[in-house]
Amino acid sequence: MKRLSIIALCFATLAFASCSSLSGSSSSESAAKTSGRNTATAILSLYNSYRATGNVSLNNATNLTNALVLASGYSNMRANSSNPEYRKAFAAGMVSAGTGLITAANVETVIGTMNNLTGLNVNAATISNSVNTATAIIQLLQVLGTPAQ
């Protein structure tokens with residue numbers, strides 16, 4: 001009877017531990033997908049502005065907000081750069097919100113370009129005056145195509 005109790009306790013402990021790790025993994029995947037979707041939505045909005053005007057003005061409130069969302073996605077991706085599952089979920093989120101511009105074929109190029117930019121490590125206090133940020137965003141958008149002239 002004592003042996004059965006110990007086995008049951010071990011089984012319950014293992015079941016609890018596996019549920020906890022699956023929950024954490026699922027939560028992380030969900031956060032990565034959400035971050036990817038938000039980042040893609042910001043990129044699309046910035047891209048549309050870029051296509052219409054040929055530049056990215058951070059004096060425009062909409063562009064500024066989208067630049068901050070992009071900077072947040074950049075920070076999330078950089079913080080999880082050693083986690084391939086995070087990158088995979090982030091990419092899936094980007095593709096799901098990419099509306100044909102960010103696709104399975106180019107998402108790794110977009111993420112790689114984004115991760116290699118230096119002007120996206122900014123905050124709300126410094127972003128609107130940052131030439132480096134605007135330059136970094138334009139470099140990222142050029143991966144998706146050139147603006148209409």
Side-chain angles (χ1 to χ4, degrees), residues 10-149:
C10 288
F11 180 73
T13 302
L14 287 173
F16 179 75
S18 74
C19 287
S20 293
S21 77
L22 287 176
S23 173
S25 167
S26 175
S27 172
S28 176
E29 182 179 329
S30 177
K33 281 184 181 177
T34 299
S35 183
R37 278 193 299 274
N38 292 342
T39 302
T41 300
I43 289 171
L44 291 174
S45 181
L46 288 164
Y47 182 78
N48 289 334
S49 175
Y50 176 62
R51 295 260 313 155
T53 65
N55 65 31
V56 175
S57 170
L58 296 179
N59 292 325
N60 173 315
T62 302
N63 285 351
L64 182 59
T65 301
N66 285 314
L68 287 169
V69 171
L70 176 57
S72 175
Y74 165 84
S75 294
N76 292 338
M77 201 52 234
R78 299 281 293 196
N80 292 285
S81 63
S82 64
N83 182 345
E85 292 302 316
Y86 186 92
R87 185 179 181 112
K88 182 179 174 184
F90 187 90
M94 287 190 83
V95 170
S96 74
T99 61
L101 190 61
I102 300 173
T103 64
N106 71 2
V107 70
E108 284 301 323
T109 301
V110 172
I111 291 172
T113 301
M114 181 180 78
N115 283 343
N116 290 324
L117 297 174
T118 57
L120 294 179
N121 193 14
V122 294
N123 59 44
T126 62
I127 196 167
S128 63
N129 297 321
S130 178
V131 173
N132 290 337
T133 301
T135 301
I137 291 170
I138 289 171
Q139 289 173 338
L140 177 61
L141 299 178
Q142 287 174 337
V143 169
L144 300 172
T146 57
Q149 296 294 329

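Numbers for residues simply follow the sequence, beginning at 1. Worth knowing before you read on, the calculation uses all heavy atoms, side chains too, and leaves out hydrogens, waters and symmetry mates. Note that the coordinates shown come from a computational prediction; the quantities given were computed from them, not determined experimentally.
Each salt bridge (Lys or Arg N to Asp or Glu O under 4.0 Å) pair with one or both residues in residues 91-106, not counting sequence neighbours, would appear here, but there are none. Applying the salt bridge (Lys or Arg N to Asp or Glu O under 4.0 Å) test to every pair with at least one member in residues 106-116, sequence neighbours left out, gives these pairs: R87-E108. Listed by first then second residue, pairs satisfying salt bridge (Lys or Arg N to Asp or Glu O under 4.0 Å) with a partner in residues 74-83 number zero, not counting sequence neighbours.
N63 meets the side chain to side chain donor-acceptor pair (under 3.5 Å) test with S49; sequence neighbours excluded. Take T135 and apply the side chain to side chain contact (heavy atoms under 4.5 Å, CB included) test, not counting sequence neighbours, and it matches V131, Q139. With sequence neighbours left out, A71 forms a side chain to side chain contact (heavy atoms under 4.5 Å, CB included) with V122. The salt bridge (Lys or Arg N to Asp or Glu O under 4.0 Å) test applied to E85 returns no partner, not counting sequence neighbours. Looking at residues two or more places apart in sequence or on another chain, you find a side chain to side chain contact (heavy atoms under 4.5 Å, CB included) between T41 and A97. By the side chain to side chain donor-acceptor pair (under 3.5 Å) test, S35 pairs with N76, sequence neighbours left out. In terms of the side chain to side chain contact (heavy atoms under 4.5 Å, CB included) criterion, residue partners of N106 (sequence neighbours excluded) are, by chain and number, I102, T103, V110, L144. For S45, the side chain to side chain donor-acceptor pair (under 3.5 Å) partners at least two apart in sequence or on another chain are N66. Residues passing the salt bridge (Lys or Arg N to Asp or Glu O under 4.0 Å) test with R37, sequence neighbours excluded: none.
Closest non-hydrogen pair, V56 versus A134, comes out as O-CB, 4.0 Å. A136 and L117 make their closest contact through O-CD1, 3.1 Å (heavy atoms, listed as atom of the first residue, atom of the second, distance). Scanning all heavy atoms of the two residues, the minimum distance from A67 to L58 falls at CB-CD2, 3.8 Å. In terms of heavy atoms, S96 sits closest to G93 at OG-O, 2.9 Å. Across all non-hydrogen atoms, the minimal contact from L141 to I43 is CD2-O, 3.8 Å.
Atom OG1 of T109 and atom CG of L140 lie 11.0 Å apart (nearest 0.5 Å). Atom-to-atom distance recorded for N83:CG and K88:NZ is 11.5 Å, nearest 0.5 angstrom.
Ring pair Y50/Y47 is tilted by interplanar angle, where 30° to 60° counts as tilted.
Using a 4.5 Å cut-off on side-chain heavy atoms (C-beta onward), N80 and F90 make no contact. Put simply, the side chain of L70 reaches to within 4.5 Å of the side chain of M114, judged on heavy atoms.
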